[in-house]
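Being a predicted model, the structure only gives us computed values, none of them experimental. Computed from heavy atoms alone, side chains included, the values below leave out hydrogens, waters and symmetry copies.
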Amino acid sequence: MTWLVVHSKPREEEKAARNLRDQNFTTFLPCISQRKRRREGWQTVIGPLFPRYLFVKVALGEQSTATVRSTPGVANLVRFGQVLAPIPDAVIDFLVQQQTPELNARQAEAWTQKPGDKVTILEGPFAGLPAVFKMARDADRAALLVELLGRQNEVVVSRDVVGEGV
């Protein structure tokens, strides 16, 4: 049995995995849990670790790869030239170990910003000002460096008002 990489149609990774499982293929769709800013505020979202990609275990020579390619949700199998791209079992085992059992997803870092990242303040008295992410104070607040009066000053703001860089 060989693990192969399936290239899915846009946003149809789960559909492809479900349809392949219905055809008695073993599939693996590694997921990640991330905090993303939405209109309603920050939300935890679970999605594919590799958007548009999943893995399928195929017995080459016994099972037809044409069946995989014609499955709803599947765009194609990943190849290098004309040769299918096999994935070593050790890679799949490592990815499986990274998944948390309760979410069936890998937990992303709580803060997407890293020290030194350029960010924008979205609300409050500093709204619209560019800043540099200094550090997370706790789960809900961040220390930012804002240039005021010719020098960088540290301000502490809520996580909800930190936006992507300029």
Nearest-0.5 Å distance that lies between atom [atom1] in [X] and atom [atom2] in [Y]:
X	Y	atom1	atom2	result
S158	L122	OG	CG	10.5 Å
K57	Q63	NZ	CD	11.0 Å
I92	Q97	CD1	CD	12.0 Å
L20	L54	CG	CG	6.5 Å

According to a 4.5 Å side-chain heavy-atom criterion applied to Ile, Leu, Val, Met, Phe, Trp and Tyr, with indirect links allowed, do [X] and [Y] form part of one hydrophobic cluster?
X	Y	value
L49	I87	yes
V156	L144	no
L60	F25	yes
V155	V132	no
F133	L145	no

If you take all heavy atoms of [X] and [Y], which pair is closest and at what distance?
X	Y	answer
A59	M1	CB-SD, 3.5 Å
A142	V162	CB-CG2, 4.4 Å
T71	A16	CG2-O, 4.3 Å
L4	P86	CD2-CA, 4.0 Å
T44	S33	CG2-OG, 3.2 Å
L95	F50	CD1-CE1, 4.1 Å

Original post:
Just by distance, do the side chain of R52 and the backbone of S8 share a donor-acceptor pair under 3.5 Å?
Top reply: yes

Original post:
So, E13 side chain and P51 main chain: donor-acceptor pair closer than 3.5 Å or not?
Top reply: no

Subject >> Side-chain H-bond candidate by donor/acceptor type, T67 with Q23, under 3.5 Å >> reply: no

**OP:** Decide whether R151 and N153 meet the rule of one side-chain donor and one side-chain acceptor closer than 3.5 Å.
**Re:** yes

**OP:** I would like to know whether T120 and L129 meet side chain to side chain contact (heavy atoms under 4.5 Å, CB included); could you show each step before the answer?
**Re:** CA-CA 6 Å; T120 301; L129 289 178; over 6 Å; no

Subject >> Residues in salt bridge (Lys or Arg N to Asp or Glu O under 4.0 Å) contact with E14, at least two apart in sequence or another chain >> reply: none

Subject >> Listed partners of K9 passing salt bridge (Lys or Arg N to Asp or Glu O under 4.0 Å), at least two apart >> reply: none

Original post:
More than 12 foreign heavy atoms under 6.0 Å from CZ of R11: is that the case here?
Top reply: no

Original post:
Should the heavy atoms of other residues, nucleotides or ligands under 6.0 Å from CD of E40 be counted, would the total exceed 12?
Top reply: yes

**OP:** Flag the pair P48 / I32 as yes when at least one side-chain heavy-atom distance between them is below 4.5 Å, and no otherwise.
**Re:** no

**OP:** Determine the sole option in V78, V5, T65, V58 for which the side-chain contact (heavy atoms from CB on, under 4.5 Å) test with L84 is passed.
**Re:** T65

Original post:
Should the ring pair F28 and F55 be called parallel, tilted or perpendicular, given that the plane angle runs from 0 to 90° and is split at 30 and 60?
Top reply: parallel

